[in-house]
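Values below: every heavy atom of this structure, side chains too, minus hydrogens, waters and symmetry copies.
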Amino acid sequence: MSEYVESAKKYISEGNEKEALKLARKRHGKDDAESYIAILDLLIENGHLPALEEKGMYYQYYDSTHDNGDYGEKYFDEYLEQQPRSINALCDKAMSRFNKGDVDGALEYMDKAVDKYKSYSSIEKPRLSKKEVIMARIELLIQAKRYDEALKSIKQYESQFGSNQKTDLYMGQMLQKNGENREALEYLDKALLQEDTIIAFNAKGDALYELKEYKEALKCYKNCIQYEGKIDDDLELVTNFNHKAAFCCVNMGDDSEAVKYLNKTINMLNEHGRLPNDIEKIYQKCSFEKERIMKTGEVKDKEFKKTKFFSARTSIIILIIIIILYVILKMNGYG
């Protein structure tokens, strides 16, 4: 048993559970998961509720297997058995359900959290305000690609709380996803006046693309491409603005520029191996389009030309040199 666990035991015996929990969090920050979990277990055995949620949060976000795909739900369930009006635990459980692919279950628990604001547990203060919980519910709908429901919820939110940069962005995104591209541009322009974001530029590009305003759409996609290095783990987003930049060029008759974006998209997706079906379709579309352009003979594939091939005679000479070097090294005791 580590010295940190021993120290935690002492804190607990003195009735100082808060200090023991602080110590556990420090060990977590030092990547000492063993001591972290051991201290949390001591606190849970002693009936310290915050440690129960803390352990659930660890499996929700940090554990590599998420406790074999449970995402901390059993700990949130145990917490809710003791505090059924806990806004925090209800939101935690909603995320567990969402991570398991149960969107309806996640929304059900978010709705319960909103409802429980009338009489939430007096022993804890919710981390999120009611307004923030409602927004979190909208964000779950967006992540689940339930765009029609998300649009309705954003409209309700706006009528209740007013608008801000986030609501303008989400309203623009959802209007675009629902095919209301002109209306989407109004909201996206408002959002971009407040803050330049890749999400807003991508959505604006999509709206302009659908309206066949390819020159302006390309400007938006180029803004996205400029900052794509800052995007973490969103292949769908990066694929979208790169391949649509290519097809903007195609639609404007600039096949030479289109090939640059097509090559970039194809190479990028090649690095990811097996692709989700929707992205695989984009990959195929880009490959077919590049093949079509190359067949016209009017565009040189500069990337392809960078690869140099040796003649048969040169290849034979290189092979002979390699064999001679190998024999010399062998004679000198190498190999």
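- The backbone N or O of Ala33 sits nowhere less than 3.5 Å from a side-chain atom of Arg27 that would complete a donor-acceptor pair.
- Within a 6.0 Å radius of OH in Tyr227, no more than 12 heavy atoms belonging to other residues, nucleotides or ligands are found.
- Annotation: side chain of Tyr221 is not in contact with side chain of Asn242 (no heavy-atom distance under 4.5 Å).
- Ring pair Tyr209/Tyr214 is perpendicular by interplanar angle, where above 60° counts as perpendicular and below 30° as parallel.
- Counting heavy atoms of neighbouring residues, nucleotides and ligands inside a 6.0 Å radius, atom NZ of Lys22 does not exceed 12 of them.
- Under 4.0 Å is where a charged nitrogen must lie from a carboxylate oxygen, and between Arg25 and Glu54 at least one such pair does.
- Using modelled atom types, no side-chain atom of Tyr71 and backbone atom of Lys93 make a donor-acceptor pair closer than 3.5 Å.
- Taking 4.5 Å as the limit, every side-chain heavy atom of Phe201 sits out of range of all side-chain heavy atoms of Leu188.
- Rounding to the nearest 0.5 angstrom, the gap separating the SG atom in Cys249 from the NZ atom in Lys244 is 14.5 Å.
- Going from atom OG of Ser7 over to atom CD of Glu19 covers 10.5 Å, rounded to the nearest 0.5 Å.
- The number of heavy atoms from other shown groups lying within 6.0 Å of CD (Gln82) is above 12.
- Atoms CG and OG1, from Leu269 and Thr239 in turn, are 4.5 Å apart once rounded to the nearest 0.5 Å.
- Using cut-offs of 30° and 60° for the angle between ring planes, the Tyr58 and His28 rings count as perpendicular.
- A distance-only check finds a donor-acceptor pair linking the side chain of Asn164 to the backbone of Lys166 [under 3.5 Å].
- Side chain of Asn277 to backbone of Lys281: no donor-acceptor contact under 3.5 angstrom is found.
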